[in-house]
Amino acid sequence: AGTVYLKRTGEEGQIIIDNRGTNSTNGTRLPAPSSGTITSISANMIEDSNVNFVPRSIVGLELIPNVNREESFTIISNTKTQIFTDPSDGDMREVASVGDKYDFKYSGNISFQNCQSLLEGIVHLPNLNLYNSTLTLNGTLYTENLTLENGSIITHSTSTTSKTYSLTLNIEKKLTIDSTSKIDVSGKGYLGAGKSGNDTYYGRTYGNTISGGSYNGNGGSYGGYGGRYYSASQVNEIYGSIYKPMDLGSGGGGWGGFSGGSGGGAIELKVKELIVDGSILANGENGNGGGSGGSILINTGILKGSGVIEANGGNGNSGGGGGRVAIYYEDLEGFDLNKVRAYGGVGGGGSDPAKNGGAGTVYLKKNNEEGILIIDNRASEASNPMVHPYIKPSQITSLSSNVLEDSSASFMPKALIGMKIIPNIKMKDKRFTIIDNDKTRIITDPSDGDMTEVASVGDTYAGVFVFPEHMEIRNTK
């Protein structure tokens, strides 16, 4: 579909995109020029010598000369490298200077109707309404209000062997998902075996690699371990943060011409009021080995509605592990938190525990109260119910005040965040909070002190998982 712009004098304009329900391979792409850096500035002109805009293509958009400030200026003309703004909006030099990063936003209201659309990168839109439409968002969308109705969907693109995607919604006021609509990135995470160029029997996993991936019909893992169809074949390790989940789910293994399911995708929502009468989904895909659930991270003031929020593992000959969900909120208005789920997938009909996926994690935290960690596998028994990584004792090969290195280690990057490290097991009361990690290094919170005061190279270190004060294990064996 093309674009229709309507504006009544003295009122906000409206952009309408309507393709009468006809699907299109490319859909509609709103012009969304990328942000850049100012190389020259005057009162009503900025220049970026590193860009190549189509002349006059961004007229009518709002220019944000300094992304660290709120002021915006209406664009009245542009060349390949220069942007000119309405003099009546003021002097841009009062809010920006050479070297500042600039960005763009639309003005008025936008309505997608009966169409497919694509947005990429960082996009600023005014009020946005989807009606019987699908919006693929590969990046971050800032908007004031967002409404999904009459079968509308927001998703991100499916991962490939070389590229991954996620979506983030920053909504100033209200996000409304009616009972027929959804935000759904199910099966959009790391590829399952035999999927879209992944021509192996290995599912892809953290880092978009087959190295360490689930194999030979086994389920993918993320928050919970995937089930084992073949006990002698590997299942990928669990990974990611319980408290700030932002990873893709892993693909399941395949065998004998049967593909594994792809993992769930990644959703992050920041919104003042969230109304979910439909669904928010990051489920793993069904397959020979089910894909693991993906991630859902929500920060909201008010959460209400009758819908569901799920990051479940996919079903198959072996089930995928559950994903990870974390919700931070200030108030509930009738939303049933029992409808927030990260179940493991069912393997082989569910009768053999070895084939079932393990439960993922659901972390719920009300403002100014202790959080609660919920592990629920809907009464399905799994062979490996572990939901957090493990740091086995080993020797330090390099140490500074806040960085401990073990060159022989192979930690899953960022999987240890929130755990405690004991740099010297002879001093077990000296513990430091982990704020980051890669494959061989653990980085601790500087406010916890200097690790070199309690340990040195050659000492044996160990890890401690710190559970929330409140934890519920439901329907899980």
Side-chain angles (χ1 to χ4, degrees), residues 156-165 184-240 247-266 281-295 310-324 342-350 352-360 380 382-384 412:
H156 63 65
S157 292
T158 302
S159 295
T160 68
T161 57
S162 60
K163 195 167 185 179
T164 60
Y165 302 91
D184 188 357
V185 296
S186 298
K188 300 294 183 77
Y190 296 122
L191 294 174
K195 287 294 187 77
S196 306
N198 185 34
D199 299 322
T200 72
Y201 289 137
Y202 290 89
R204 302 184 80 82
T205 187
Y206 186 89
N208 202 13
T209 177
I210 60 173
S211 177
S214 291
Y215 176 61
N216 209 11
N218 290 341
S221 310
Y222 172 29
Y225 277 97
R228 290 182 181 272
Y229 184 66
Y230 287 105
S231 60
S233 297
Q234 72 183 20
V235 171
N236 74 275
E237 290 296 321
I238 58 174
Y239 53 95
D247 295 300
L248 301 176
S250 291
W255 187 252
F258 295 98
S259 298
S262 295
L281 307 174
N283 295 326
E285 184 183 32
N286 297 339
N288 186 226
S292 78
S295 66
E310 294 181 337
N312 300 331
N315 302 326
N317 286 330
S318 61
R324 297 198 191 275
Y343 299 147
V346 175
D352 183 353
K355 296 177 181 178
N356 292 331
S380 293
S383 61
N384 192 342
M412 190 67 72

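Remember, predicted model here, so these are calculated numbers, not experimental data.
- Rounded to the nearest 0.5 Å, atoms OG (S250) and CD1 (I210) are 13.0 Å apart.
- Between the CZ atom of R228 and the CG atom of N317 there is a distance of 15.5 Å, given to the nearest 0.5 Å.
- Counting only N and O atoms by type, the side chains of Y239 and S221 include no donor and acceptor under 3.5 Å apart.
- Under the rule for a side chain to side chain donor-acceptor pair (under 3.5 Å), the partners of S186 that lie at least two apart in sequence or sit in another chain are D184.
- Ion pair E285/K188 not flagged as a salt bridge, since none of the NZ, NE, NH1 or NH2 atoms sits closer than 4.0 Å to an Asp/Glu carboxylate oxygen.
- Remark: side-chain polar atoms of N312 are not paired, donor with acceptor, to backbone N or O of G322 under 3.5 angstrom.
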Working note: N236 + S214, criterion side chain to side chain donor-acceptor pair (under 3.5 Å); need CA distance, chi angles, decisive distance, verdict. CA-CA 5 Å; N236 74 275; S214 291; 3.0 Å; yes

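- Looking at N356, its side chain does come within 3.5 Å of a backbone N or O of G347 through a donor-acceptor pair.
- Taking the six-membered ring for Trp and thresholds of 30 and 60 degrees, Y201 and W255 have ring planes inclined between 30 and 60 degrees apart.
- Going from atom NZ of K195 over to atom OG of S159 covers 12.0 Å, rounded to the nearest 0.5 Å.
- The main-chain N or O of G265 is never found under 3.5 Å from a side-chain atom of H156 such that the two would form a donor-acceptor pair.
- Formation of a donor-acceptor pair under 3.5 Å by the N315 side chain with backbone atoms of G345 is not found in this model.
- Judged by distance alone, the side chain of N198 and the main-chain N or O of Y202 form a donor-acceptor pair under 3.5 Å.
- A donor-acceptor pair is defined here as one N or O able to donate and one able to accept, closer than 3.5 Å; no such pair exists between the side chain of S262 and the backbone of G251.
- Using modelled atom types, one finds no donor on one side chain facing an acceptor on the other under 3.5 Å when comparing Y206 with E237.
- Residue T209 holds its OG1 atom at 10.0 Å from OH of Y190, rounded to the nearest 0.5 Å.
- When the side chain to side chain donor-acceptor pair (under 3.5 Å) test is applied to S295, no partner is found at least two apart in sequence or on another chain.
- Listed by chain and number, the residues in a side chain to side chain donor-acceptor pair (under 3.5 Å) with S233 are N216 (sequence neighbours excluded).
- Note that the OG1 atom of T164 and the CG atom of D247 stand 10.0 Å from one another [nearest 0.5 Å].
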